[in-house]
Structure formats: structure tokens, C-alpha cells
Amino acid sequence: MSVLTYGASGRTRSFAWLLVLGIVLASLNLRTAVTSVGPLLEQISTALGLTGVTTGLLTTLPVLCFATVGAMTPSLARRIGEHRLLLAALLALGVGLLVRAVVESATVFLLSSALALSGGAVGNVLIPTLIKRHFPGRAGTMTTVYTTALAVGTMLAAAATVPIERAADGNWHVALGVWAALAAVSALPWLVLLRREPARVTAGEGARDLGPRALLRSRLAWAVAGYFGAQSLLAYVMFGWLSQMLLDKGFTAGQAGIALAVFTGLGIPVSSPCLRSPHVSPTSGPW
């Protein structure tokens, strides 16, 4: 049931604003595990003794986690509920960020990064679903809020990680650990929202036509997959390697982080207008 169907009571408005706050805070965190690593990739690789292959695996983890865990998210949501799953995802994100910030083992760093990225992958799939469920009459507006917060969080992690590292006397552990605290804060609204878990929808006859086989036969589905696949390729190559490429060209770590933030921020003003078209269904891109 949508919050818009409850009436205009103060309690309903409070619930709606709590939902908005929860969505914004969660969205701010979904990419911090990705873009906080790029500016410090050289320091992390040196400190943990990462080989070229291991470093490549680290930068590939976002794609692997978003593809595999994201595909399992709808099934998990049907089993345990959307609010509970999003809360669990944010907790996993925070724990993963915290663990990788304190370890000195390359293996544990990779595993905890995978845990954090998995939490982000779940949130990336769930939040658009929650927007359509709770704000059916304002899906475009709320999707714009979501994508803007997502881009701001991505930009913030890219730009602020190196200054935090410098403020901590070159301690990259502190620079990465700060984002775990932000993830913990984002989980607080969803602890309250657990009491308002939306009713689970049982798939009807019409839903069967939207299964994997039908998608494989759909030209539109292949076109959308190709578009977002190309967008993801650009995004994750940039997140993983742009900072290191700039460092190799003589940029400082701070300058490389700011450049990554600027490239990310350019997506904010151009992503919102497309949601205003009544012919475009609001979706979340890989950014």
C-alpha cells in the first residue's frame, strides 16, 4: 500500500518523510565502497602487497557483485520483505566497509569489499522498487531524488577520501573507515520503518509473461541491457582506474580524486530531465 493512500494525517506525513530520509541516506551510501578505493588504490596495493592480478580483481568486484547479488535481490525480497532486506543490506555494507578498513590481509580486504559491494547491489535494486510501491504518484520525482543522492554520494567518496587520509596523517585505514560510519547512520531510519513493512505481492498470471524466457525474446530488453551494459562499462572502468591513470600522468592523489568526483558530478544535471517524460518509466542506472 502506498503512503499516499493513507490520507493526510500527521502520522502519515511523518511516515512519508521518514521514507524519504531513509531513501536519501541509503542512496548516499550505495557507491562509497566503489569510489573510495580508486584514489587510494596505489597506497592500498602497496600496503597489502596486492599483485597486478589481485588489483584487477579488486576493481572488478563491483561488476561481479552488482551482477550476481543484484539478480538474487527480487527473490530475497519476496522471502524476507523489502524493508528488512534493505536494512540487512545497509548493515552488510557498513560491516564490510569497517572490516576492510582495519585489516592488513589482502584476502580479508577482498572478502569484506565483496560484502560491502553486495549490500550496495541489494540497495540498488530495492530502492527503485520501494519508490514505486510507496510513491506511485510521484515516482519520477522520487527517482530523481534517489539518482541525485546516489551521484552525490559517489562524488563525495571520490573527492573526500584523500583529504581525510591526509588529515589522518596518511592513514588510509581511517579514510576508508569513515564511510562505514555513514552507512551505520543510513540504517537508522529503516530500523523504525521495519514496523511498516509493505505487503508482499503474489505474482499473478500476467507476471509469468515477464520471466527470463520472455526477456530473452524481447528486442527491447536486449536494447536496454546493451545500453546499461555500455554505461556500466564506462562507469566502473572510470571508478576503478581513472584515478590511477591520472596518478601515472603526474596528478596528485587529491587532484585525481577531485577529477573523479567532477566526472561523476557531471551526471547529476543530465540525469533528472529524462525522468520528466511521461513515456519513460523511471529506473535506476548503474551509476
Side-chain angles (χ1 to χ4, degrees), residues 1-3 6 15-34 61-100 111-136 139 142-143 145-147 149-150 153-154 179-204 207 210-212 215 228 232 281-287:
M1 183 177 291
S2 164
V3 296
Y6 288 118
F15 173 63
W17 280 111
L18 186 61
L19 272 170
V20 173
L21 177 63
I23 288 170
V24 170
L25 289 177
S27 302
L28 287 171
N29 284 273
L30 297 184
R31 295 293 184 275
T32 57
V34 182
L61 276 178
V63 180
L64 297 176
C65 291
F66 275 72
T68 56
V69 179
M72 296 186 294
T73 299
S75 176
L76 292 173
R78 286 192 294 269
R79 292 183 180 182
I80 68 176
E82 293 164 344
H83 288 189
R84 292 184 182 87
L85 182 58
L86 184 56
L87 175 61
L90 293 172
L91 293 176
L93 174 63
V95 170
L97 290 173
L98 179 62
V99 171
R100 80 174 186 180
L111 291 175
S112 55
S113 293
L115 177 62
L117 292 166
S118 297
V122 171
N124 188 65
V125 175
L126 274 184
I127 291 178
T129 301
L130 288 170
I131 287 174
K132 293 175 183 178
R133 182 182 296 277
H134 287 298
F135 303 94
M142 284 304 301
T143 302
V145 171
Y146 160 59
T147 55
L150 187 66
T154 304
W179 306 111
L182 183 60
V185 172
S186 72
L188 297 179
W190 296 102
L191 285 171
V192 180
L193 289 167
L194 280 180
R195 293 178 298 177
R196 300 291 292 269
E197 178 69 41
R200 304 178 194 178
V201 178
T202 303
L210 300 177
L215 291 176
F228 283 118
S232 296
S281 176
T283 58
S284 67
W287 287 60

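Index from 1, following the sequence.
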Measuring only between side-chain heavy atoms, which start at C-beta, is Met142 closer than 4.5 Å to His134? no
Under the side chain to side chain contact (heavy atoms under 4.5 Å, CB included) rule, collect the residues that match up with Ala184, sequence neighbours excluded. none
Determine whether a donor-acceptor pair (N or O, by modelled atom type, separation under 3.5 Å) exists between the side chain of Thr32 and the backbone of Leu28. no
When rounded to the nearest 0.5 angstrom, what distance separates CD in Glu82 from CG in Leu76? 12.0 Å
Go through Thr154 and Val34 one step at a time and tell me if the side-chain contact (heavy atoms from CB on, under 4.5 Å) criterion holds. CA-CA 8 Å; Thr154 304; Val34 182; over 6 Å; no
To the nearest 0.5 Å, tell me how far Leu98 CG sits from Leu93 CG. 11.0 Å
From CG (Leu191) to CG (Leu91), nearest 0.5 Å: 7.0 Å
Could you grab the distance from atom CG of Leu130 to atom CG of Leu19, nearest 0.5 Å is fine? 7.5 Å
Checking Ser113 now: which residues fulfil side chain to side chain donor-acceptor pair (under 3.5 Å) with it, not counting sequence neighbours? Arg100
Evaluate the criterion side-chain contact (heavy atoms from CB on, under 4.5 Å) for residue pair Ile127 and Leu150; output intermediate values, then yes/no. CA-CA 11 Å; Ile127 291 178; Leu150 187 66; over 6 Å; no
Once rounded to the nearest 0.5 Å, what's the spacing between atom OG of Ser186 and atom CD1 of Ile23? 12.5 Å
Please give me the minimum heavy-atom distance between Ala187 and Leu90, naming the atom from each residue. CA-CD1, 4.0 Å
Could you walk me through whether Phe66 and Val125 pass the side-chain contact (heavy atoms from CB on, under 4.5 Å) check? CA-CA 9 Å; Phe66 275 72; Val125 175; over 6 Å; no
Is there side-chain contact between Val99 and Leu115, with at least one heavy-atom pair below 4.5 Å? no
Ring pair (Phe, Tyr, Trp, His ring centres under 6.0 Å) partners of Trp190, counting only residues at least two apart: His83
All heavy atoms of Gly123 vs all of Leu86, minimum pair found to be CA-CD1, 3.8 Å
Would you name the heavy atoms of Gly22 and Pro189 that are closest together and state the gap between them? CA-CB, 3.8 Å
Can you tell if the side chain of Arg31 reaches within under 4.5 Å of the side chain of Asn124, non-hydrogen atoms only? yes
Search all heavy atoms of Thr68 against all heavy atoms of Leu64 and return the closest pair with its distance. OG1-O, 2.8 Å
Under the criterion side chain to side chain contact (heavy atoms under 4.5 Å, CB included), which of Val20, Leu30, Val24 is the partner of Tyr146? Leu30
Interatomic distance, Leu85 atom CG to Leu126 atom CG [nearest 0.5 angstrom]: 4.5 Å
Can you name the closest pair of heavy atoms from Cys65 and Ala121 and give their distance? O-CB, 3.7 Å
